[in-house]
Amino acid sequence: MNKVLHKEQLGEEVFRMRIEAPLIAEERSPGQFVIVQIDTDFGERIPLTIADADPEEGSITIIFQTVGSTTHRLAAIEVGECIENLLGPLGQPTYIENFGKVICVGGGIGVAPMHPIAQGLKKAGNEVKIIMGARNKDLMIMEEDMAKIADELILCTDDGSYGRKALVTEPLKELCETWKPDMVVAIGPPIMMKFCAETTRPYGVYTVVSLNTIMIDGTGMCGGCRVSVGGETKFVCVDGPEFDGHLVDFDNMMLRLGTYKTREAEDHHECHLEMAIQELED
Amino acid sequence: MSHPSKEQLQKEAAEVLSALDITALKPKQRIAIPVQEMPTQDPGVRITNMEEVAIGYSKDQVIAESLRCLQCKNAPCIKGCPVSIDIPGFILKAAEGDFQGSIDIIKESSLLPAICGRVCPQEAQCQLYCTVGKSLKDVEKSVSIGRIERYVADLERESGTIKMPEIAPSTGKKVAIVGSGPAGITVAADVRKAGHDVTIFEAFHKPGGVMVYGIPEFRLPKSIVAKEIDNLKQMGVKVETNFLIGRTRKLMDLMVKDGFDAIFVGSGAGLPKFMKIEGENLIGVFSANEYLTRSNLMKAYDPKNASTPIYNSKTVAVLGGGNVAMDAARTAQRLGAEKVYVVYRRTEKEMPARVEEVGHAKEEGIDFLLLHNPKRIIGDDKGRVTGLELLRYELGEPDDSGRRRPIAIEGSESILDVDTVIVSIGNDSNPLIKQTTESLVTNKWGNIIVDEDCKTSIPGVFAGGDIVLGAATVILAMGQGRTAAESINKMLAEK
Ligand SMILES: Cc1cc2nc3c(=O)[nH]c(=O)nc-3n(C[C@H](O)[C@H](O)[C@H](O)COP(=O)(O)OP(=O)(O)OC[C@H]3O[C@@H](n4cnc5c(N)ncnc54)[C@H](O)[C@@H]3O)c2cc1C
Ligand code: SF4
Ligand code: FES
């Protein structure tokens, strides 16, 4: 049982939550994640990256978008109430050292897991440029937090409602040409990570991506999270979540993410229906 | 053949008993008593539900079966039992109708009789050596030791007469247990009885290990495992779920930071093996661990209530021949698959699964493709499984394990149309604790190496169960748990 200490809505569908979890706060490093389950008997287990931690307060911060039934129910938990099950910190921490010049690319909600990594890289002495992308202005999160870290911050939206009207790969390509980074870290939707990796490939810039696959246990027990990396099968929850983006088979990963699509679409739909009915009743 | 009902079997047993003078039975008469068949749900009905297949003996049946025991002086059955239960002793009490006396004898040696009575491979242990089976030249005609064990254990649990064991006065010493499977549960009970403060750390949100996430409800009701955990809690054992040793806390930090005096590692064999063949990452290929965990622990068989989905399958191939494969195949069928194949590269005789489970699977219509092995998995342009390419095999010379080695027949390829493949070829041990604990010595498969007292290479750290033995059995995990607990209690007494 972990108590919610703070909750805030960052955008239409995006929430930030601070949760009491002293041991996780003490042990975690950037890049690691937790598994959350709302209901012990029937809830599903979903992975969420630890966006921040405060060992003194004994708390961690998660940022999530309400996409399925579990995230919707998570968003409905009020401050002072508890999350039934929280397991972590899971996965390998990000490998952080002074690489020199680093570009961090965060897409949509991927900015949240990017934050501690960018922070760590900056602290280690790197020059850090940050590219943030979102569908529209409302989905652009944590701009201020990132601005504090970035030597240069580039904002892009798909619809041009904020910053540059561009995909993140545009400024990424320009910087590869002109700034010649030593490393790129890209976190966001799979399709974005795939194209970031394709963008940097011709320049031979080492590109780290953080994968968010379907998981159950998060401890290496089920193999449901497996991806193909350089022709080898890897378990994202224990071997990752970060991998060399030039080696990941994104096409297979994206297909696998759709394993239960029909079922989840129904659930999501039902969930929205339920909320609509609730609103009518209220 | 029509399926005998529980009532019919009970009636037959009553008739057998009334025809006997049970106070003066000769060995010949005992052997002549028919083997009491386990009443089961009708196959046609049970494949539509998740409830337990075996219903359990009636009182007359358990007495009739117990009377078949010859009370052999040398008791060869005991030598076949990994925890040396006084088998003729408890069977004698059962035959006399003293069921409490019977369970009391079992509990001197075994901690989880209701579970072991259900899942032990008796035909390869106690019942393999039974004199009755030997003289009838059929191990299936041995005394049904496991079924009698189950009956007396169930009776005690259901009547609520379980006595809490006595707990010695508090010693102030703290013992940490990693994993809540049968090994961990056993250590917890035995160490707690000695008066030590015991905490179990379990990674999952529910305790019980494989008995909860792997073995299905239709073979081992979860309420039985929950009851065992409940008993532990009543004894004062603390259970911390959602706690992954190696991540939430490092193993040695339990001693260094948290002041535990001893640690037992019973973390199981939880790393699924894949075949390393083409197509293994297609949509519709699952490890048995994943498939069973979705259904059992996450309750995906109950889609009205559960949020965890499970794949919608029509035709399923399960690869492997062990208990795990049987469980996966029978689960798939209960979840609505129209056709389920078990693909195994040797013959039925070599299958490591319990004979009873293979029998039940057949009754339920599972199709066994023996002497076949997959070569690759075939998918469509959307990355979904459409088929399995198989090779036929024949048995050659025996290998090191004494089993005849399967050899592929060249050019024997054929294609089986399936939309789901469940890989059930075994588990390796999870490397997490090893990776995060310096100086913990393991073998090349990652199993922790222990001595005969279950001591590891680190003083104060003990291990047992599947993490030591590789994927084994509940009873062997329990047996090692007992040994480890004894060592821990001894070490703490001397400290
Ligand atoms: C589907 C299936 C069917 C089976 N059928 C039979 C059968 O019919 N008969 C039989 O005798 N045996 C059967 N077995 C085997 C039997 O279940 C195991 O041998 C037995 O459960 C091993 O017990 P254990 O205590 O060593 O480990 P487990 O039961 O595996 O328990 C280990 C526990 O430790 C937890 N854990 C792991 N790592 C950590 C960590 N780092 N920190 C905290 N917790 C951790 C796990 O989550 C798990 O709950 C079956 C196994 C499976 C998978
Ligand atoms: S070997 Fe069989 S008949 Fe002999 S004591 Fe054991 S169970 Fe009874
Ligand atoms: S989530 Fe089960 S192995 Fe990774």
Undergrad: Whether the side chain of B:Thr248 engages the backbone of A:Ile24 through a donor-acceptor N/O pair (distance < 3.5 Å, no angle test) should be reported.
TA: no
Undergrad: Which region of B:Leu432, side chain (C-beta onward) or backbone (N, CA, C, O), has a non-hydrogen atom less than 4.5 Å from a non-hydrogen atom of chain A, or is it both or neither?
TA: neither
Undergrad: Kindly compute the distance separating CD1 (B:Ile310) from OH (A:Tyr260), expressed to the nearest 0.5 Å.
TA: 6.5 Å
Undergrad: Please determine whether the number of non-hydrogen atoms from other residues, nucleotides or ligands lying under 6.0 Å from atom NZ of B:Lys174 exceeds 12.
TA: yes
Undergrad: Under the salt bridge (charged side-chain N to carboxylate O under 4.0 Å, His left out) test, which residues partner A:Lys7, sequence neighbours left out?
TA: A:Glu78
Undergrad: Closer than 3.5 angstrom, by distance alone: can the side chain of B:Asn242 be matched with the main-chain N or O of A:Asn85 as a donor-acceptor pair?
TA: no
Undergrad: Minimum heavy-atom separation for B:Ala203 to A:Thr219, with atom names?
TA: CB-CG2, 4.4 Å
Undergrad: Taking every non-hydrogen pair under 4.5 Å, which of A:Gly223, A:Ser228, A:Gly220 racks up the most with chain B?
TA: A:Gly220
Undergrad: Any chance you could measure A:Leu255, atom CG, to B:Asp381, atom CG, to the nearest 0.5 Å?
TA: 9.5 Å
Undergrad: Heavy atoms only, distances under 4.5 angstrom: which of A:Glu232, A:Met253, A:Glu84, A:Glu26 has the most pairs with chain B? Name it, please.
TA: A:Glu26
Undergrad: In Å, rounded to the nearest 0.5 Å, how long is the span from CD1 of A:Ile35 to CZ of B:Phe204?
TA: 8.5 Å
Undergrad: Quick check for you: among B:Asn289, B:Asn427, B:Ile283, B:Leu271, which has the greatest number of heavy-atom pairs under 4.5 Å with chain A?
TA: B:Ile283
Undergrad: Would you please test A:Asp41 and B:Lys206 for side chain to side chain contact (heavy atoms under 4.5 Å, CB included) and show each step?
TA: CA-CA 9 Å; A:Asp41 279 325; B:Lys206 270 188 198 163; 3.1 Å; yes
Undergrad: Can you check side chain to side chain contact (heavy atoms under 4.5 Å, CB included) on B:Arg249 and A:Glu27, steps first, answer last?
TA: CA-CA 7 Å; B:Arg249 207 83 168 141; A:Glu27 292 289 329; 3.7 Å; yes
Undergrad: Considering residues at least two apart in sequence or located in another chain, which fulfil the side chain to side chain donor-acceptor pair (under 3.5 Å) criterion with A:Thr207?
TA: A:Thr200
Undergrad: Roughly how far, to the nearest 0.5 Å, is the CG atom of A:Asp39 from the OG atom of B:Ser307?
TA: 7.0 Å
Undergrad: Considering heavy atoms only, which positions within residues 292-299 of chain B lie below 4.5 Å of chain A?
TA: B:Thr293, B:Arg294, B:Leu297, B:Met298, B:Lys299
Undergrad: Is there a side-chain contact between A:Glu44 and B:Pro309 in this structure, where contact means two heavy atoms from C-beta onward sitting under 4.5 Å apart?
TA: yes
Undergrad: Under 3.5 Å, is there a donor on one side chain and an acceptor on the other for A:Arg226 and B:Asn281?
TA: yes
Undergrad: Report which part of B:Asp253 has an atom under 4.5 Å of a heavy atom belonging to chain A: side chain, backbone, both, or neither.
TA: side chain
Undergrad: Which atom pair, heavy atoms only, marks the closest approach of A:Phe42 to B:Asp302?
TA: CE2-OD2, 3.5 Å
Undergrad: Under a 4.5 Å heavy-atom cutoff, which of B:Pro431, B:Pro272, B:Gly383 has the most pairs with chain A?
TA: B:Pro272
Undergrad: Sequence neighbours excluded, which residues qualify as side chain to side chain donor-acceptor pair (under 3.5 Å) partners of B:Asn49?
TA: B:Gln41
Undergrad: When rounded to the nearest 0.5 angstrom, what distance separates CG in A:Asp217 from OH in B:Tyr213?
TA: 8.5 Å
Undergrad: At what distance, to the nearest 0.5 angstrom, does CE of A:Met215 lie from CD of B:Glu290?
TA: 11.5 Å
Undergrad: Chain A heavy atoms under 4.5 Å from B:Lys257: which part of the residue, side chain, backbone, both or neither?
TA: side chain
Undergrad: Contact part of B:Asn312 toward chain A, heavy-atom cut-off under 4.5 Å: side chain, backbone, both or neither?
TA: neither
Undergrad: Using heavy-atom distances under 4.5 Å, tell me whether B:Val423 contacts chain A through its side chain, its backbone, both, or neither.
TA: neither
Undergrad: Given heavy-atom pairs under 4.5 angstrom as the criterion, report whether the side chain, backbone, both or neither of A:Arg28 touches chain B.
TA: neither
